[in-house]
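Here is the structure we will look at, set down as C-alpha cells.
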Amino acid sequence: MKVLILGSGGREHALAWKIAQSPLVDEVFSAPGNPGMDKLGPCFDIDPTNLKDVQELALQITPDLIIIGPEAPLAAGVSDVLRARGFDVFGPSQAAAQLESSKGFAKDLMAKYGVPTAAYGRFSDLTEALDYLETVDGPYVIKADGLAAGKGVVIVESQEEAENTVEEFMTGKFGDASSEIVIEEFMTGEEASIFVMTDGEGAIYLPAAQDHKRVGDGDTGPNTGGMGAYAPAPVIDTRMMELVQALIVEPMLSGMAEDDMPYQGVLYVGIMVTKDGPKVVEFNARFGDPECQVLMAGLPGDIVPALLVCSTGGLVSSHASLCDMMGLSSFRPSATVVMASEGYPGPVTKGTIIEGVSRADELDDVTVFHAGTDVNEKNELTAIGGRVLGITATGNDLPTAISKAYEGVAAIAWPNGFFRKDIGHRVLK
Ligand code: AMP
Ligand code: GLY
C-alpha cells in the first residue's frame, strides 16, 4: 500500500520511519517532508494547510492511507476535504480538532462531559475577564483560545501581571487567536502525555510519555515545543492509566460521538497528576513532538494496521490483534534528546552546518530524526529551524535508553546547536 504523510517535523519523520518498516507498505510519500523523510520516499514541496494543493497531491498519488502530523492542517479542515474525496485519513475532522484549536471549546466539552480539569472562565470581553481576575487567587493561568505556536499560555503570580497579560492577549498579541481567552485555576503535580489511537469508538492506549517543555536544564527558561522525551513515564502506573481511561478518555470519546463529532486519529491527553487524581491540562489533536519519536522507536511491531483501522472504523472488534501487531506489550523503553539551534525558542541563525548524523545513526539502537534540517548546494546538512534533530534511542531500561541517546548526541558535530543535558531527570534521580 501507499501512505502519504503530511508535515515536516521530527514527529512526521518518526511516523514515516515506522510506517516504512511495515511489510504492508510499498511506498511512503511526504509533503513537504524533510531531508530525513526524503531518504524514505518522495517528498512534495506543498503547504500541508492548503486545501487545494493537498487534494491535488492526494489525487495524483492515490494513497491508501493519509496521516496528518501537525495541528495546522487539522484546524484548516484538511482531513474533511480528503475524506470527502474518499481517502482514508488518520486525523480528526476540523470540528473534533477544535479540542486543540480552541481551548475554550475543549474546556466547555470537558465541563459538559464531567471530565476533571482546572476550574476556568472563558472570555471574549476584556472588562468581564478583568472582573473575573478579582474573584480568583493566583498563580493565574491565562491561555489564548486559539493556536499560538506554543506561546499562548502564560502563568503569573500577581494580579497586576495577570491583568497586563489579559489586556495584551485580548488586544491582539496573537491576533484572532487571543481575542478570546481562558483563565484557569493553577494545578500542582507532575505532568505526563497520554496518547490514545481511536476510531471514535475503540481506543488503543500507548505508553505514557513525558516531555521536557522548558528550554533549560532543571526545567528553567521559556517554554518550547519540547526539548526531549521518554516513555514509558513511571508517573502513570496501571492504576493512574485506568483513571485516565475511565474519567477522561471514555467520557470524551463517547460524548463527542453522541454530539456528532466522533474523534478519529490520535488524542493527545496532557494531564497533571494532582493529589486529587489526574486532571486534563490540555488536549491536542495529534501526536506530540518529540513524544511521537519515543513512541515510534519503542514500538517493536507494525503500527500500520492500527493506523488504518483508526481511520476506517472497526477498532473495538480488532483491538486485541492490533495491539499484538504493534507489539504494545513489549514496548522498549525509549528516549529522545532534541538538538536545537542556538537562540531557540527565540530567533535562530539559519544555514549552520551539521556533521556526524550518519555516525550517530549507525550506533546500535540509535535513530536520528530530522526536523528543521535542509541540504545546501554542497550537499551538506544544515539547520534551518529551531528544533533541528531528535536523537532517539531504545534500551532494556530507561537509564540505558537515555545514555545511548546522549552517545548519539556526542557523535554529532554542530557548534551552533545546543541540547538539554538532563532529559529523563525524573526517572534517573
Ligand atoms: P498547555 O499549552 O495548555 O499545555 O500549557 C502549557 C504548559 O503550561 C503546560 O504544559 C503546563 O506546564 C502549564 N499549565 C497549563 N495549564 C496549567 C494549569 N491549569 N495549572 C498549572 N500549569 C498549567
Ligand atoms: N511536545 C508537546 C507537544 O507536542 O505539544
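Start at 1 and go down the list; that is how both ligands and their atoms are numbered.
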Give the ring-plane orientation class for [X] versus [Y], where under 30° counts as parallel, over 60° as perpendicular and anything between as tilted.
| X | Y | value |
| --- | --- | --- |
| Phe419 | Tyr406 | tilted |
| Phe195 | Tyr268 | perpendicular |
| Phe287 | Phe90 | parallel |

Among all protein non-hydrogen atoms, which one is nearest to [atom], and what is the separation to 0.1 Å?
| atom | result |
| --- | --- |
| atom 5 (O) of ligand 1 | Val153 CG2, 3.5 Å |
| atom 7 (C) of ligand 1 | Asn223 ND2, 4.3 Å |
| atom 17 (C) of ligand 1 | Val141 CG1, 3.8 Å |
| atom 1 (P) of ligand 1 | Glu282 OE1, 3.5 Å |
| atom 10 (O) of ligand 1 | Glu191 OE1, 2.7 Å |

Proximal ligand 1 atoms for [X], defined as those under 4.0 Å from one of its heavy atoms:
| X | value |
| --- | --- |
| Val281 | 3 (O), 4 (O), 9 (C), 14 (N), 15 (C), 16 (N) |
| Met272 | 21 (C), 22 (N) |
| Phe186 | 20 (N), 21 (C) |

- request: Dump the intermediate steps for salt bridge (Lys or Arg N to Asp or Glu O under 4.0 Å) on Asp361 and Lys39, then the final yes or no.
  value: CA-CA 13 Å; Asp361 241 338; Lys39 294 210 165 80; over 6 Å; no

Spatial distance of atom CD (Glu191) from atom CD1 (Ile236) [nearest 0.5 Å]: 10.5 Å

Lys103 NZ/CZ over Phe105 ring centroid, <6.0 Å and within 45° of normal: no

Validation row: Glu282, Asn284 side chains within 4.5 angstrom (heavy atoms): yes

message: Tell me if the aromatic rings of Tyr140 and Phe186 count as close, with their centers under 6.0 Å from one another.
response: no

query: For atom 23 (C) of ligand 1, which of Asp211, Asp219, Ile155 has the closest heavy atom?
result: Ile155

Per atom 21 (C) of ligand 1, closest listed option by heavy atom (Lys103, Met187, Glu184, Lys143): Met187

- prompt: Below 4.0 angstrom, N of the basic side chain to O of the carboxylate: do Lys107 and Glu184 qualify?
  reply: yes

Close-range residues for ligand 2, whose non-hydrogen atoms fall below the 4.0 Å threshold: Asp211, Gly225, Tyr268, Asn284, Arg286, Gly288, Asp289, Pro290, Glu291

message: The test is salt bridge (Lys or Arg N to Asp or Glu O under 4.0 Å); show your working for Lys404 and Asp365 and say whether it passes.
response: CA-CA 8 Å; Lys404 282 202 228 165; Asp365 302 323; 2.3 Å; yes

message: Please determine whether the number of non-hydrogen atoms from other residues, nucleotides or ligands lying under 6.0 Å from atom CG of Asn396 exceeds 12.
response: no

